[in-house]
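As structure tokens, the structure follows; a few thoughts come after it.
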2 protein chains.
Amino acid sequence: MTTEGEHLTREERRRRTEAAILASARHAFATSGFERTTIRAVAADAGVDPALVMQHYGSKEGLFAASAAWAEQHESMLTAAPADLPRAALDDLLSRFEDPAGGEAAIALMRSCLTHPVAARVMRDDVMCDRKAAVEAALEGPDAALRAGVFAAVMMGLSMARYLLEVPPVCDATAEELHRVVEPLLRALVEPPTA
Amino acid sequence: MTTEGEHLTREERRRRTEAAILASARHAFATSGFERTTIRAVAADAGVDPALVMQHYGSKEGLFAASAAWAEQHESMLTAAPADLPRAALDDLLSRFEDPAGGEAAIALMRSCLTHPVAARVMRDDVMCDRKAAVEAALEGPDAALRAGVFAAVMMGLSMARYLLEVPPVCDATAEELHRVVEPLLRALVEPPTA
DNA sequence: GAGTTCACTCTACAGCGGTTGACCTTTGCT
DNA sequence: AGCAAAGGTCAACCGCTGTAGAGTGAACTC
């Protein structure tokens, strides 16, 4: 493809096509999941030959690994006091998915995390356990580990309902509404079990 | 297959092999998702020729439709007072997934609900919206619809973390521990927002 | 300005997987 | 017994998809 821009250095060309391929791949993986996206479709969308995709990323697995990613969680998740955790976690979720590139990468990971072994491992060990650890560190009292795990599960359920399944009331809600409804819920997890 | 039982009527034979195929299919779909399970594998596991599967269920989609299902929710979900909803919902979830056949059918549906169009539709429109409606009917106050939707999202997140992704602290917890940790959380959603 | 390198394309292979139609074999009816 | 029907098998087709290898033309080097 390479629009009619002139005088592109070789490396510049390479970077552009590589970026184009990656963008198409992210979109395809985020939309259709790993199994349903074909190298050919990605290549066509990027205006490129299928074989070129292989040359750049080695294999479909390699392309997926480069496309599906979970950006670092915000520092606020790690440093927040228990009382501030709910807000920090929701902010982290919202900003992560609204980011244009990172959002699709995150969606691509989630989309396949129930059916693709590597995506499942990343989701379980990296995303969920990191989340859990961050929350658990701030918790006290009994069931701290389980409460942290449930915290992570809730965030995952919300993300999937809002961005992947697109369940009506959740995917249409504004950020404010979500804060209003979800934060009290998370607070019930984070606060030491009253009584 | 057809173990060495004697004198089976034709219809009886048919029922048995059909049941064997369905059991294998449920297991395969629940374990690997729609795209990764092959008719051939299902047939082999059931000790049957692949073509027979087609004859019984018409197509892979038909087999999936027969395998992935979401049993009716317990009446308690529909008749519970708001204060009892959390317990009813958790009981519904736990008993649904521990049921030997229904559990795999439910897992099969969830496993593919992010990547298979029909499964996604069923999950969104039937499961989530029914759940939401049941909860919403019991709620009052502002954001009732959204709170009901978030309620459904939380249940989905828990199910996936526990039965599909198998995230450590959540999948190892006993029913009692889950009740102890999750119910207060749901109560925060169900109770009218205490200003 | 000639040769090399590198991005890129074309063509083809090989395997898999859903699906089909012809065939066999046992059951049930008369 | 004999015929029809239904459960079940076998072999094959056909399209798709990941992947590999040879080739091409433009960009860089000297």
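Predicted, not measured: the structure shown is a model, and the values here were computed from it. Residue numbering restarts at 1 for every chain, and letters A, B, ... go by the order of the sequence lines.
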Point-to-point distance, once rounded to the nearest 0.5 Å, from OH of B/Y163 to CG of B/L158
9.5 Å
Is A/H56 close enough to C/dA7 that one of its side-chain N or O atoms is under 4.0 Å from OP1 or OP2 there?
no
Does NE2 in B/H56 sit with more than 12 non-hydrogen atoms of other residues, nucleotides or ligands closer than 6.0 Å?
yes
D/dC16 C1' sits how many Å from A/K60 NZ, rounded?
11 Å
The nucleotide from C/dC8, C/dG17, D/dG18 with an atom nearest the side chain of A/R40 is D/dG18
Strictly below 4.0 Å, N to O, side chains only: are B/R124 and A/E166 in salt-bridge contact?
no
Any B/T38 side-chain nitrogen or oxygen under 4.0 Å from OP1 or OP2 of C/dC16:
no
Residues that B/D130 engages under salt bridge (Lys or Arg N to Asp or Glu O under 4.0 Å), provided they are two or more places apart
none
How many whole angstroms separate atom CG of B/L52 from atom P of C/dC24?
18 Å
What's the CD-P distance between A/E12 and C/dA7, to the nearest Å?
13 Å
Separation between CG (A/L164) and CG (B/L114), nearest 0.5 Å, reads 5.5 Å
Testing B/R16, B/R14, B/R10 one by one against B/E12 for a salt bridge (charged side-chain N to carboxylate O under 4.0 Å, His left out), which residue passes?
B/R16
Gap between atoms CD and P, on A/E35 and D/dT17 respectively (whole Å)
13 Å
Distances for protein N or O near nucleotides 20-24 of chain D N or O, under 3.5 Å:
none

When you measure from the side chain of B/R96 to the backbone N and O of B/E72, does any donor-acceptor pair fall under 3.5 Å?
yes
Rounded distance (nearest 0.5 Å) linking atom CZ of A/R162 with atom CG of A/L94:
6.0 Å
Separation of B/F64 atom CZ from C/dG18 atom P, in whole Å?
14 Å
Using a cut-off of 6.0 Å, state whether more than 12 heavy atoms not belonging to B/H74 lie near its atom NE2.
yes
Specify the separation, in whole Å, of atom CZ of A/R36 and atom P of D/dC16.
15 Å
Can you tell me the distance, in whole Å, between the OH atom of B/Y57 and the C1' atom of D/dG7?
14 Å
Which whole-number value in Å describes the distance from A/F34 CZ to D/dT17 P?
13 Å
Anything under 3.5 Å between a protein N or O and an N or O of nucleotides 27-30 of chain D, put it in a table, one pair a line.
from	atom 1	to	atom 2	distance (Å)
D/dA27	N3	A/R10	NH1	3.3
D/dC28	OP1	A/T9	OG1	2.9
D/dC28	OP1	A/R10	N	2.7

